[in-house]
Amino acid sequence: MVDVAVNGYGTIGKRVADAVALQDDMQVVGVAKTKPNFEARNAVENGYPLYAAVEERADEFAEAGIEIAGDVNEMLERAEVVVDATPSGVGAQNASMYDDHDVKAIFQGGEDDDVAERSFNAAANYGDCVGAESVRVVSCNTTGLLRVLHPLERDHGIGKVRATLVRRGGDPAQHGRGPINDILPNPVTIPSHHGPDVRTVMDVDITTTGFKVPATLMHVHSLNVETTASREEVIETLEGESRVRFVEPEDGVSSTAEIKEMMLDEGRPRGDAWENMVWRESVSVEDGELYLFQAIHQESDVVPENIDAVRALAGTADRDESVRTTNETLGI
Ligand code: NAD
């Protein structure tokens, strides 16, 4: 049983904690929060030992009537692996604390890649990360790109990749984010950071561009890949990938809002879409170039990857076994 702590219990952290709790071979020994809000209250109600992420703010929890089990240092004493799901940049500040406690660490995609020994994606490089002291689960967009590009490269070989990323302005609960009634080339320079990020895991010739739009539900990628594979071969390869799901013509789903609705109707927790959602009708090959559209649920696609990263660091399963177990427990 691997003892897992989650430091930072927000959008990603609470989903990862719930996913860890579903596994038979790992358990949540604690979650750490900075402030005693509704998420802190729910963590306790869900049965997770709650720790104060900032020692000096521990009293605020008692004042709010929320019982804590101690501070973050005490949580780390109980953990073998910590999942850092703090805001971008905070993970790097926490790295030395994890070293001091001799606990293996999983960072998120908001951190620079040098925060950890390796960047991680279950499909692309699980084996390289087995037994590592730390990994960084690449961002939601990079995860979405790797899940398609790695199997295509493995089965057919690929040439130049061009990807346009239409990115949500903020997560649904991020009331302070934007844009509002606007479209931002983001960044306005080329490439966006996603192409270089893909290359921290996989050797591929890729250029990415990004736009931010006034939407909160999902990102959409327009992907263009040079390949000798036919449309049928591409589809066969992607059908073999458990974390790629086709949006079928008969689903009648033509937007990200409908994908979210479909996930809610299927009973997915929080309406999460853990897989890449590829519109089957968009998959086209013309003159040796593949085109496809995929929707990426930013809040949840990295969650199964974090679970696999725990097993890779702990060395408790090989990739196929871990991916199969994670998928079965989540319902992928
Ligand atoms: P979030 O703001 O929703 O949650 C972060 C949580 O960490 C909050 O509860 C915050 O109060 C807490 N926190 C702040 N400082 C802390 C500290 N010093 N110690 C412990 N907790 C602290 O952020 P998020 O969206 O969950 O993002 C977390 C990481 O995951 C970032 O690196 C982000 O780039 C990455 N990520 C986010 C998304 C997404 O779309 N939300 C997708 C993939 C990866």
Side-chain angles (χ1 to χ4, degrees), residues 5-19 30-43 48 50-58 60-61 66 68 70-76 79 82-98 105-113 115-116 119-121 134-147 165 167-177 193-194 197 210 212 215-220 256 260 270-274 276 295-306 309:
V6 179
N7 191 20
Y9 191 74
T11 307
I12 302 297
K14 62 189 174 189
R15 287 172 165 82
V16 170
D18 289 355
V31 303
K33 271 206 64 70
T34 42
K35 43 183 188 293
N37 67 355
F38 72 95
E39 286 165 325
R41 196 178 60 236
N42 287 342
Y48 304 141
L50 178 67
Y51 292 83
V54 183
E55 230 177 306
E56 304 76 54
R57 298 184 64 178
E60 293 176 26
F61 289 85
I66 297 176
I68 55 170
D71 67 35
V72 64
N73 288 294
E74 291 167 279
M75 177 178 82
L76 293 173
V82 60
V83 177
D84 184 293
T86 58
S88 303
V90 179
Q93 294 166 23
N94 287 337
S96 60
M97 176 169 68
Y98 304 145
I106 297 171
F107 298 95
Q108 307 304 313
E111 305 301 324
D112 292 339
D113 66 299
V115 74
S119 293
F120 176 89
N121 172 260
S134 61
V135 293
R136 177 184 70 117
V137 171
V138 291
S139 74
C140 47
N141 279 308
T142 306
T143 295
L145 291 167
L146 284 165
R147 283 178 178 169
L165 280 51
R167 303 165 61 196
R168 58 87 175 105
D171 292 339
Q174 286 180 307
H175 54 83
R177 295 277 285 262
H193 71 273
H194 306 92
D197 203 25
K212 268 194 189 176
T216 61
L217 298 178
M218 300 180 89
H219 305 293
V220 170
T256 56
K260 285 289 289 172
R270 303 183 176 94
D272 284 349
W274 295 298
N276 291 21
I296 301 297
H297 186 216
Q298 76 280 358
E299 297 171 288
S300 71
D301 75 328
V302 296
V303 171
E305 308 294 327
N306 271 275

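All values reported here derive from a predicted model rather than from experimental measurement. Order of appearance sets the numbers: ligands from 1, and atoms from 1 within every ligand.
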Asn306 meets the side chain to side chain donor-acceptor pair (under 3.5 Å) criterion, sequence neighbours left out, with Gln108
Do the side chain of Arg136 and the main chain of Glu111 share a donor and acceptor less than 3.5 angstrom apart?
yes
Geometric class of the Tyr48/Tyr9 ring pair [parallel <30°, tilted 30-60°, perpendicular >60°]:
perpendicular
May I have a table of the N/O to N/O pairs between ligand 1 and the protein that fall below 3.5 Å, each row giving the two atom names and the distance to 0.1 Å?
unit_1	atom_1	unit_2	atom_2	d
ligand 1	3 (O)	Thr11	N	3.0
ligand 1	3 (O)	Thr11	OG1	2.8
ligand 1	9 (O)	Lys33	NZ	3.2
ligand 1	11 (O)	Thr34	OG1	3.0
ligand 1	11 (O)	Lys35	NZ	3.4
ligand 1	26 (O)	Thr11	N	3.4
ligand 1	26 (O)	Ile12	N	2.9
ligand 1	32 (O)	Gly110	N	3.2
ligand 1	34 (O)	Ser88	OG	3.3
ligand 1	34 (O)	Gly110	N	3.3
ligand 1	40 (O)	Arg168	NH2	2.8
ligand 1	40 (O)	Asp171	OD1	3.4
ligand 1	40 (O)	Gln298	O	3.4
ligand 1	41 (N)	Asp171	OD2	2.6

Mind checking side chain to side chain donor-acceptor pair (under 3.5 Å) for Thr86 and listing every partner two or more places apart, or none if nothing turns up?
Asp84
Quick one: side chains of residues 30-38, donor-acceptor pairs under 3.5 Å with protein atoms, not counting sequence neighbours, listed by atom name and distance.
unit_1	atom_1	unit_2	atom_2	d
Asn37	OD1	Glu39	N	3.1
Asn37	OD1	Ala40	N	3.2
Asn37	ND2	Glu39	OE1	3.4

Reference residue Asp197; test side chain to side chain donor-acceptor pair (under 3.5 Å); the match among Thr143, Asn141, Thr142:
Thr142
